[in-house]
Structures are given as structure tokens and as C-alpha cells.
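A quick write-up on the structure given underneath.
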Amino acid sequence: MKKTVLLGTVAGLAAGGALAQNSSTLEQVRDRGNLICGVTTGLTGFSAPDANGEWQGFDVDLCRAIAAATLGDPNAADFVTTTGQTRFSALASGEIDVLTRNTTWTYSRDNDLDFEFAGVNYYDGQGFMVPAELGVTSALDLDGATVCIQTGTTTELNLADFFRANNISYEPVPIETNAEAQQQYLAGACDVYTTDASGLAATRATFENADEHVILPEIISKEPLGPAVRHGDPVWGDIVRWTLNALVTAEELGITSANVMDLAAEAGDNPEVNRLLGTEGELPEMLGLESDAFANAIAAVGNYGEIFERNIGESTPIGLARGLNALYTEGGLQYAPPFR
């Protein structure tokens, strides 16, 4: 079982930042022998410890895929829990190697905070959840409501914009973690909980009486969620980016966790499959990885579709449809550049 690490002290973060400046992230990961990913404090289906304390979820699987690609071992991954307030300092300081939690790619985060987003692994949007007994059917009916809202998030800003644009008022109830939001909401401290729609579905799935809570139809924002790394280490950014692309491409090409090693055993008739799995050309080596890097990632966690369905898909308690996260060939937005 890989350990969970709590966000360290300022001194510890500074030391991590100094280390990050002295060598590449890939070198650090290999010298250390493990990959450190920043995750949430707990969001069912995306990143949360199971009954044995083992981290599981959609974002956790991306971290393990990166560990498999860089170290050949998906279990060589440790997890640092971060809140909306602490996640960016953890990344900037070098406390973590990559942020794999529900974080929205925005202009200011990409530029002002000096981060680089390596792609979108979940297209989302902000929604609202209310108790069914309130009889509310639209977010426009929330004038004067108390709203539980995580601080330090785009959700906080979007909420203010929505209420202002519609000339209605609200009273914020600031919280730091999803667990705190759930507790406050169920205790009646707020009428409404607002966050990404996927987060609302994940939270509601944990309720004893989930059908007593309604997710309203309005989606008030664009929330492209994806992994982030620090600026200044382009190779590491490319490793994270192309590992994610490999998972999407694997689904496009019909490569699964069950058949990937058979396909990788020898070059077949599909050149892109061969290039992706390292049996033709030298694409992984261009990033300083072993030829079987992407094959190892797919073997560890499956392709993008497998990851989605296993953790948050319609057959899980969370019950999310693919929607925008379907492949482009199925009417969605998931589309990976070619491996050539």
C-alpha cells in the first residue's frame, strides 16, 4: 500500500522547491524511486482511500499510469492530499511532481501561477445540489440561499458571477474540503452545495438517501479538469501529456489492459499501435522513457474508457455518462494527437 502524505511545512516545501530547481523532475522521480501526486482530501470515484487505505479513483489511475510509464511500476506512487487552497503551493514548491486532482485549466493558472496543464482528462461544469424537499427546480430560484462553497476555487468565482448576472443574492458558507461541505450541507448549515457537476454526483453517491437530493439542471461554467505540472521542465510536461494521450489513443485503437501485452509482444499490422506500444520507432525514447513505457501505463490501469467506466461510469454508484468525455468518434471531446 502506498502512503498518503499530508501537505508539509513551509520549510519542507521550500526545500522541495530548491531540489526541483537543481535537477529535472524525471531525474528526481527516478532517483527517489517513486512518483508523488497531489490529490484531493477525498472525492469518491476520483481520488479517495478505500477500506484498506489504498487510494483509488479516476485521478489516482492517471497518477499510477504516469508511475508505470516513468518507473515501470504503477504502485511506485505516493499521494499528497491537498485542498483548493494548498494544491498550488504544493506544486510550485516541489512537494509534489504532478497535480492529479480535479483542477480547472484557466488562463491565470497557466500563466500567472507558472503552471502547465498537460491536457484535459475530464470536461466538466459547475452545478448545484439541493435537498429535494426544498422544491427547487432551477438555480434561478435560489435567491437568498445559503451556499456551501470551497474556497480558493474557480467555483467560488463562478458562483459570484452567476448570482450577480441574474440579480439574485446568496450567503456563502466557506468550506475547505469536500468532506466538510458534505457535513455542513447534510447538517442544514447551507441550502445549496455547489461544485463541479461530477463532484456533486460523487458526493451524492455517498449519501444514505441519495434520492432525497437533486442536482439542478443548470451548468454555469466550463471546467476543463486536468493534470498540472510546473513551468520550466518541458520534458516532464510532455511525459505527463503523452501518457494521458496514450490512454485516450489506446481506447481509440481498441487497446485494453487485457490485450496490450499481447499486442506489444510483436509488431502487428497497425503502425500507430506499434508506435504507441514501442515495437516500431522510438517515440517513448524521445522523452527519455523505456520503449514499453506507454504499454506499461495501459497495462496498469487500462485505456481511458476503462478508467472512466471502472471509477465513475454509469455502472458505478456515481453513474456518470460519458457525455463530453466520450471519444470524438462518439460525439465527445476526447481526442488525442497522433502517435507518429
Side-chain angles (χ1 to χ4, degrees), residues 2-3 5 8 12-39 47 55 59-80 82 87-101 103 105 109-110 113-121 226-250 260 264 275-278 281-301 336-337 339:
K2 284 298 168 182
K3 63 185 179 182
V5 185
L13 296 181
L19 178 62
Q21 294 174 3
N22 293 330
S23 61
S24 75
T25 306
L26 180 59
E27 290 173 338
Q28 291 175 49
V29 168
R30 285 179 168 164
D31 289 346
R32 193 195 308 128
N34 69 311
L35 174 74
I36 304 177
C37 295
V39 294
S47 56
W55 282 87
D59 294 329
V60 168
D61 279 349
L62 178 56
C63 176
R64 292 205 168 103
I66 300 167
T70 54
L71 297 169
D73 180 5
N75 294 315
D78 287 345
F79 301 94
V80 169
T82 65
R87 55 185 163 174
F88 298 128
S89 60
L91 180 58
S93 67
E95 178 79 0
I96 60 178
D97 304 311
V98 57
L99 185 64
T100 55
R101 77 187 297 283
T103 297
W105 185 354
R109 289 173 176 176
D110 198 326
L113 294 183
D114 281 343
F115 296 145
E116 177 181 347
F117 284 80
V120 178
N121 70 333
V229 297
R230 291 176 292 278
H231 272 174
D233 191 344
V235 172
W236 181 246
D238 284 342
I239 288 171
V240 175
R241 177 178 300 106
W242 285 98
T243 300
L244 174 57
N245 286 338
L247 302 177
V248 174
T249 299
V260 61
R275 291 191 293 267
L276 174 63
L277 301 184
E282 297 182 345
L283 297 189
E285 291 91 334
M286 293 178 185
L287 294 172
L289 303 177
E290 299 296 328
S291 62
D292 59 356
F294 300 132
N296 287 336
I298 298 162
V301 298
F339 277 78

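In this structure the side chain of S291 reaches within 4.5 angstrom of the side chain of E285, judged on heavy atoms. Taking 4.5 Å as the limit, some side-chain heavy atom of M286 sits within range of a side-chain heavy atom of L283. Taking 4.5 Å as the limit, every side-chain heavy atom of V229 sits out of range of all side-chain heavy atoms of F117. Put simply, the side chain of L26 reaches to within 4.5 Å of the side chain of T70, judged on heavy atoms. Using a 4.5 Å cut-off on side-chain heavy atoms (C-beta onward), F294 and L277 make no contact. In this structure, L99 and F115 have side chains that are not in contact, with every pair of non-hydrogen atoms separated by 4.5 Å or more. Residues V39 and C63 fail the side-chain proximity criterion, which asks for heavy atoms closer than 4.5 Å. Counting only heavy atoms from C-beta outward, the side chains of I66 and L71 never approach each other to under 4.5 Å.
Judged by distance alone, the side chains of T82 and R101 do bring a donor and an acceptor atom under 3.5 Å apart.
Every residue two or more places apart in sequence or in another chain that forms a side chain to side chain contact (heavy atoms under 4.5 Å, CB included) with E290 is listed here: D292. The side-chain hydrogen bond (donor to acceptor under 3.5 Å, both in side chains) test applied to N121 returns D59, not counting sequence neighbours. Listed by chain and number, the residues in a ring pair (Phe, Tyr, Trp, His ring centres under 6.0 Å) with W242 are F339 (sequence neighbours excluded). Applying the side chain to side chain contact (heavy atoms under 4.5 Å, CB included) criterion to D110, with sequence neighbours excluded, gives W105, H231. The side-chain hydrogen bond (donor to acceptor under 3.5 Å, both in side chains) search around T249 returns none, not counting sequence neighbours. By the side chain to side chain contact (heavy atoms under 4.5 Å, CB included) test, A299 pairs with V260, M261, sequence neighbours left out. In this structure, the side-chain hydrogen bond (donor to acceptor under 3.5 Å, both in side chains) partners of S47, at least two apart in sequence or on a different chain, are T40. Among residues two or more places apart in sequence or in another chain, the side chain to side chain contact (heavy atoms under 4.5 Å, CB included) test is passed with A67 by L35, A77. By the salt bridge (charged side-chain N to carboxylate O under 4.0 Å, His left out) test, R241 pairs with E116, D238, sequence neighbours left out.
Distance CD/E282 to CG/L289: 12.5 Å, rounded to 0.5 Å.
The backbone N or O of T25 lies less than 3.5 Å from a partner atom in the side chain of D233, making a donor-acceptor pair.
Ion pairing between R32 and D97 holds under the 4.0 Å rule for side-chain N and carboxylate O.
Residues A69 and T243 approach most closely at CB-OG1, 3.9 Å, considering heavy atoms. Closest of all the heavy-atom pairs between L276 and A246 is CD1-CB, 3.7 Å. Of all heavy-atom pairs spanning L247 and L62, the tightest one is CD1-CD1, 4.1 Å.
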